[in-house]
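In what follows, every heavy atom counts, from backbone to side chain, and hydrogens, waters and symmetry copies are set aside.
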Amino acid sequence: MSDPGRPPTEFETRVYEATRCVPRGKVTTYGRLGKALGCGSSQAIGQALRRNPFAPEVPCHRVVAGDRTLGGFAGHREGEELRRKRRMLEEEGIRFDKQGRVLPECLHDFPPT
DNA sequence: CACCTGACATAAT
DNA sequence: AATTATGCCAGGT
C-alpha cells in the first residue's frame with residue numbers, strides 16, 4: 001500500500017499554500033494555480049490536491065478545470081464525490097450554467113507574488 | 001466533440 | 001538509483 005502518512009513534499013506544501021488563498025465564493029483553475037507556482041503541469045497540481053491532507057482547511061474544492069467544468073474530487077471525476085464538490089461550491093455562492101460550468105465571473109485572479 | 005501531445009510530481013517496479 | 005507508469009490537467013489539431 002502507498003504511504004498516506006508521509007509528510008507533504010515541498011511542492012505539495014506550495015500548492016496547499018496557494019490554494020488556501022482562494023477566497024470563499026470564488027474558484028481558480030489547475031492551470032492558474034500552476035502558473036502562480038511556476039509549475040507548467042496542471043496535472044501535477046491536481047495530484048497534489050487529490051491527496052490534500054488539510055481539507056477543508058485547504059479548500060481544494062475551489063479548484064476547477066480550465067474549461068470551468070468541475071474537474072475531479074477526492075480521486076473521482078464523476079459520481080457522488082463530484083456532486084458533493086458541486087454542492088459545496090453552491091453553498092459558497094458559486095453559480096453554474098446549464099452546461100455545469102462555473103460562471104466566469106466566479107474565477108479568482110491570483111495576486112502576483 | 002474526440003483525439004493527441006506536452007508538461008511534471010509521485011508511486012511503483 | 002534508474003526507468004516506467006499513473007494522474008482531481010491544458011492546449012492544440
Checklist entry - For dT10(B), does OP1 or OP2 lie under 4.0 Å from any side-chain N or O of Arg50(A)? => result no
Checklist entry - Looking for any heavy atom pair under 4.0 Å, which part of the strands does Gly71(A) touch: base, sugar-phosphate only, or nothing? => result nothing
Next on the checklist: Give me each pair satisfying side chain to side chain donor-acceptor pair (under 3.5 Å) with a member in residues 69-78 of chain A, each pair once, sequence neighbours excluded.
Outcome noted: Asp67(A)-Thr69(A)
Checklist entry - Do the side chains of Phe73(A) and Ile94(A) join up, straight or via other hydrophobic residues, at under 4.5 Å, putting them in one cluster? => result yes
Checklist outcome for this item: Whole-Å distance, Arg68(A) CZ to dA10(C) P, equals 12 Å
Checklist entry - What distance separates Glu17(A) CD from Leu37(A) CG, expressed to the nearest 0.5 Å? => result 10.0 Å
Checklist entry - Base, sugar-phosphate, or nothing: which does Ala48(A) touch, judged by heavy atoms less than 4.0 Å apart? => result nothing
Item to check | Matching residue for Leu82(A) among Glu80(A), Lys85(A), Arg84(A), Arg86(A) - test: side chain to side chain contact (heavy atoms under 4.5 Å, CB included) | outcome: Lys85(A)
Checklist outcome for this item: Taken to the nearest whole Å, CZ/Arg101(A) to C1'/dC1(B) is 12 Å
Checklist entry - Taking atom CD of Glu90(A) as the centre, does the number of heavy atoms from other residues, nucleotides or ligands within less than 6.0 Å exceed 12? => result yes
Checklist entry - His76(A) has an atom NE2; how far is it from atom P of dG7(C), in whole Å? => result 13 Å
Item to check | Closest listed nucleotide, where the reference is the side chain of Phe73(A) and the choices are dC8(C), dA9(B), dA7(B) | outcome: dC8(C)
Item to check | Protein-nucleotide distance (Gln43(A), atom CD; dT6(C), atom P), rounded to Å | outcome: 12 Å
Checklist entry - What nucleotide among dC8(C), dA10(C), dC8(B) has an atom nearest to a side-chain atom of Leu49(A)? => result dC8(C)
Checklist entry - Are OP1 or OP2 of dC9(C) and a side-chain N or O of Arg77(A) less than 4.0 angstrom apart? => result yes
Checklist outcome for this item: Rounded to whole Å, the CG-P distance (Leu33(A) to dA10(C)) equals 11 Å
Checklist entry - Among the nucleotides dC9(C), dC8(C), dC8(B), which one has an atom lying closest to any side-chain atom of Ser42(A)? => result dC9(C)
Checklist entry - Of the residues in residues 11-19 of chain A, which ones touch DNA chain B at a heavy-atom distance under 4.0 Å? => result Phe11(A), Glu12(A)
Checklist entry - Just how far is it from atom CG of Leu33(A) to atom OH of Tyr16(A), taken to the nearest 0.5 Å? => result 12.0 Å
Next on the checklist: Below the 4.0 Å mark, does dA11(B) have OP1 or OP2 next to a side-chain nitrogen or oxygen of Arg6(A)?
Outcome noted: yes
Checklist outcome for this item: Here the distance between atom C1' of dC8(C) and atom CG of Leu89(A), to the nearest Å, is 13 Å
Next on the checklist: I need the CG-P distance between Asn52(A) and dT10(B), as an integer number of Å.
Outcome noted: 14 Å
Item to check | Nucleotide nearest Arg51(A) when distance is taken to its side chain, options dC8(B), dA11(B), dA10(C) | outcome: dA11(B)
Item to check | Value rounded to 0.5 Å, distance of SG in Cys60(A) from CE in Met88(A) | outcome: 7.5 Å
Checklist entry - Expressed as a whole number of Å, how far does the P atom of dG6(B) sit from that of dC8(C)? => result 22 Å
Checklist entry - With no hydrogens and no angle check, is any side-chain donor or acceptor of Arg62(A) less than 3.5 Å from a backbone partner on Val22(A)? => result yes
Checklist entry - Taking atom P of dA10(C) as reference, at what distance in whole Å does atom OH of Tyr30(A) sit? => result 8 Å
Checklist entry - Of Lys85(A) and Lys35(A), whose nearest nucleotide on DNA chain C comes first from the 5' end? => result Lys85(A)
